Protein chains: 2
Amino acid sequence: MVDTTADSDLLDLRKGRPAAGQDPMKRAQIIEGARRVFIDKGFEAASMNDITREAGVSKGTIYVYFENKEELFEALIEEERGTIFKNLYEVLDHFDDLRKTLVKFGMALSVKITSARVIQAQRTVVGAADRIPELGARFYERGPKRGHDRMMVFLNEAVSRGLLTIDDVDLAAYQFTELCLAGLFRQCIFSYRTKAPSQSEIEKVVRSGVDVFLKAYGSEQLFAEERASQLA
Amino acid sequence: MVDTTADSDLLDLRKGRPAAGQDPMKRAQIIEGARRVFIDKGFEAASMNDITREAGVSKGTIYVYFENKEELFEALIEEERGTIFKNLYEVLDHFDDLRKTLVKFGMALSVKITSARVIQAQRTVVGAADRIPELGARFYERGPKRGHDRMMVFLNEAVSRGLLTIDDVDLAAYQFTELCLAGLFRQCIFSYRTKAPSQSEIEKVVRSGVDVFLKAYGSEQLFAEERASQLA
DNA sequence: AGGAAATCGAACCGAGTGGTTCGAATTATT
DNA sequence: AATAATTCGAACCACTCGGTTCGATTTCCT
């Protein structure tokens with residue numbers, strides 16, 4: 001059931017009457033319903049009637065806003081992707097202490113990726129990737145790929161500061177990401193874990209991952225600096 | 001279409017007439033058809049009629065062998081899992097040179113996991129994991145989990161031989177696996193890559209992964225041995 | 001208040017769903 | 001050749017699917 005009170009509240013906020021299929025409030029309402037249905041049933045099992053019910057919007061209206069089921073799904077995934085990766089990489093914007101920054105970023109990343117909602121979204125995308133490969137590709141490209149690129153910039157910066165010694169930064173960026181997720185992602189996505197890992201567990205994995213990463217790529221200068229700050 | 005010639009060949013091999021729903025040949029024939037349909041359409045989108053067509057077996061017969069769609073699917077995944085992880089860990093049974101063994105195992109693992117067929121199977125399982133979580137859990141438990149346990153035994157052996165220094169072997173085993181797949185698995189499963197990575201690309205990733213792993217966990221003894229064999 | 005427009009709601013379409021049933025055809029054993 | 005059993009193949013069930021249509025209703029702007 002939909003909350004009609006909240007619905008009218010939303011409507012009251014509109015400045016003027018939008019053109020057919022152009023009201024962003026209604027659009028959001030539809031997508032929110034679609035989110036609930038698609039995420040917990042997958043693309044195929046989800047029916048437009050379910051979404052109609054869940055969104056509290058008539059079927060006719062949905063088809064004014066979206067061409068068909070697939071387009072609605074893509075719009076949803078597009079939005080999901082946006083909220084997942086938003087503000088995820090800003091930790092990398094200003095770094096002082098390299099190790100701390102890596103841990104902070106690794107934590108943010110790992111917490112996000114293994115959260116119940118994000119795992120479910122990823123499952124849905126993966127499950128649909130067979131039938132709509134472009135969707136999966138676009139999700140990866142505008143999500144994980146973008147983060148990877150950002151990570152490369154960060155690592156290059158660290159290299160040019162003499163803190164890291166890396167010959168293949170591209171590969172190293174992947175390795176860092178994987179180290180921060182060691183085991184967790186796979187367990188979550190196969191629903192071997194039914195709940196998201198705890199904060200402390202993630203911290204353990206990330207700290208160890210950063211240790212491994214820095215033992216492999218940390219420069220003498222970095223270790224010297226760390227020893228110095230240890231004494232102070 | 002099914003190859004009826006091959007079919008009768010199969011039938012000719014049978015020793016005696018099996019009980020209804022007990023012929024392993026027919027069962028295999030059904031599962032093979034189910035494999036083609038399920039793998040490339042996913043659980044929901046696949047129809048029993050598709051499978052009927054693809055397997056060249058009448059619908060009534062399928063329902064003699066399997067209770068319903070879900071049970072057929074589970075039987076298929078069970079078999080897939082078996083073939084995927086068979087003979088994967090035997091590389092670890094006798095190790096002489098640690099680095100070489102790790103590379104060999106990492107290669108076998110990475111090649112297998114990122115192969116087109118295995119990726120598709122994993123996508124199907126992941127996609128179905130929302131509706132049938134036990135299936136995903138069982139797949140992980142009897143597949144990746146088992147491999148992880150085997151890897152822990154191996155690492156413990158290496159530790160007791162003084163070649164590695166690891167405080168958390170469980171975590172280290174995960175890290176090793178992830179390092180061998182760095183980036184590849186994620187790209188494949190989201191169909192950002194449409195083809196499996198090349199042998200040489202995998203080798204690059206695995207060699208680097210092993211490097212990182214050994215820099216983090218390799219003991220002085222190991223490095224001394226490696227320097228020695230370098231001279232010889 | 002009047003009029004234009006967006007939404008609703010429900011019926012409808014053809015196709016396909018998983019699952020069942022049953023007589024006909026095929027098969028292997030005796 | 002006769003018999004017993006499995007498989008086939010097709011029809012059938014009640015239901016749902018995505019998608020379309022259209023008149024009734026609600027909504028907002030003038």
Side-chain angles (χ1 to χ4, degrees), chain A residues 1-2 4 7-30 33-34 37-38 41-76 128 131-132, chain B residues 1-2 4 7-30 33-34 37-38 41-76 128 131-132:
Chain A
M1 257 313 162
V2 80
T4 47
D7 186 31
S8 17
D9 282 354
L10 289 179
L11 293 177
D12 290 342
L13 291 175
R14 305 194 300 204
K15 306 286 164 49
R17 170 164 273 256
Q22 296 294 345
D23 185 348
M25 301 284 190
K26 192 124 239 142
R27 190 186 149 95
Q29 184 183 346
I30 295 171
V37 178
F38 276 131
K41 300 186 119 181
F43 178 75
E44 296 292 340
S47 86
M48 292 300 271
N49 290 324
D50 291 341
I51 296 172
T52 283
R53 208 175 306 117
E54 201 68 27
V57 172
S58 85
K59 213 163 161 183
T61 304
I62 292 185
Y63 277 96
V64 170
Y65 280 78
F66 301 94
E67 186 74 21
N68 51 36
K69 188 183 180 184
E70 189 165 315
E71 202 193 89
L72 171 57
F73 182 63
E74 297 204 20
L76 162 67
R131 301 177 70 64
I132 324 172
Chain B
M1 257 311 162
V2 79
T4 47
D7 186 33
S8 15
D9 281 354
L10 290 179
L11 293 177
D12 290 342
L13 292 175
R14 306 193 297 203
K15 305 286 163 51
R17 172 164 271 256
Q22 296 295 344
D23 185 348
M25 301 284 190
K26 192 123 240 142
R27 190 185 148 95
Q29 183 183 346
I30 295 171
V37 177
F38 276 130
K41 302 187 117 180
F43 178 74
E44 297 292 340
S47 87
M48 292 299 271
N49 289 324
D50 290 342
I51 297 171
T52 282
R53 209 174 307 116
E54 200 69 27
V57 173
S58 85
K59 213 164 163 184
T61 304
I62 292 184
Y63 277 97
V64 169
Y65 281 79
F66 301 94
E67 188 73 21
N68 52 36
K69 188 183 180 183
E70 189 165 315
E71 201 194 273
L72 172 56
F73 181 64
E74 298 205 22
L76 162 68
R131 301 178 70 65
I132 324 172

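Computed from a prediction, not measured in an experiment: that's the story for all the values here. Numbered from 1 within each chain, the chains take letters A, B, ... in sequence-line order. Values below: all heavy atoms of this structure, side chains included; hydrogens, waters and symmetry mates excluded.
Checked against C/dT17, C/dT7, C/dC8, the side chain of B/Ser47 finds its nearest nucleotide in C/dT17. Which of D/dT7, D/dC17, C/dT7 sits closest to the side chain of B/Thr61 comes down to D/dT7.
Between the P atom of C/dA6 and the CZ atom of A/Phe66 lies a distance of 17 Å, rounded to the nearest Å. At whole-Å resolution of the value, CD in B/Glu44 and C1' in D/dG18 are 15 Å apart. Rounded to whole angstrom, the span from the CZ atom of A/Arg131 across to the P atom of D/dG18 amounts to 12 Å. Taking atom CD1 of B/Ile30 as the reference point, atom P of D/dT7 lies 8 Å away to the nearest angstrom. In this entry the distance linking NZ of B/Lys26 with P of C/dT27 reads 10 Å, nearest Å. Between A/Gln29 atom CD and C/dC8 atom C1' there is a gap of 12 Å when expressed in whole angstrom units. Rounded to an integer number of Å, the gap from CE of B/Met25 to C1' of D/dT7 is 17 Å. Rounded to an integer number of Å, the gap from CD1 of A/Ile51 to P of D/dT16 is 17 Å.
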Using a cut-off of under 3.5 Å, enumerate the N/O to N/O pairs linking the protein to nucleotides 19-23 of chain C.
residue: C/dG19; atom: OP2; partner: B/Tyr63; partner atom: OH; Å: 2.7
residue: C/dG19; atom: OP2; partner: B/Lys69; partner atom: N; Å: 2.9
residue: C/dG19; atom: N7; partner: B/Lys59; partner atom: NZ; Å: 2.9
residue: C/dG19; atom: O6; partner: B/Lys59; partner atom: NZ; Å: 2.8

Would you list the protein and nucleotides 13-15 of chain D atom pairs, both N or O, that sit under 3.5 Å from each other?
none

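For A/Phe66, there are no ring-ring contact (aromatic ring centres under 6.0 Å, His included) partners two or more places apart in sequence or in a different chain. Remark: A/Asn68 pairs with no residue by the side-chain hydrogen bond (donor to acceptor under 3.5 Å, both in side chains) rule, at least two apart or across chains. Taking the side-chain contact (heavy atoms from CB on, under 4.5 Å) definition, one finds that A/Lys41 meets it with A/Val37, A/Ala45, A/Ala46, A/Asp50, B/Arg131, sequence neighbours left out. Residues passing the side-chain contact (heavy atoms from CB on, under 4.5 Å) test with B/Lys59 are B/Met48, B/Asn49, B/Thr52, B/Tyr63, sequence neighbours excluded.
Atom CD of B/Glu54 is separated from atom OG of B/Ser47 by 10.5 Å, given to the nearest 0.5 angstrom. To the nearest 0.5 Å, atom CD of residue B/Glu70 and atom CD1 of residue B/Ile132 are 4.0 Å apart.
Between A/Phe73 and A/Phe43, the ring planes lie tilted relative to each other; the angle falls in the 30° to 60° range.
Bending across the helix from C/dA1-D/dT30 to C/dT30-D/dA1, expressed as the angle between its end axes from five pairs apiece, amounts to 20° (10° rounding).
Residue-level contact check: A/Ala46 touches the backbone only, with heavy atoms under 4.0 Å from sugar-phosphate atoms and none from bases.
Here A/Ser58 reaches the OP1 or OP2 of C/dC8: one of its side-chain N or O atoms lies under 4.0 Å away.
Contact record, B/Ile51 with B/Ile30: CG2-O, 4.4 Å, taken as the closest heavy-atom pair. Taking each heavy atom of A/Gln29 and A/Gly56 in turn, the nearest pair found is NE2-O, 3.7 Å. Residues B/Tyr65 and B/Glu71 approach most closely at O-OE2, 4.3 Å, considering heavy atoms.
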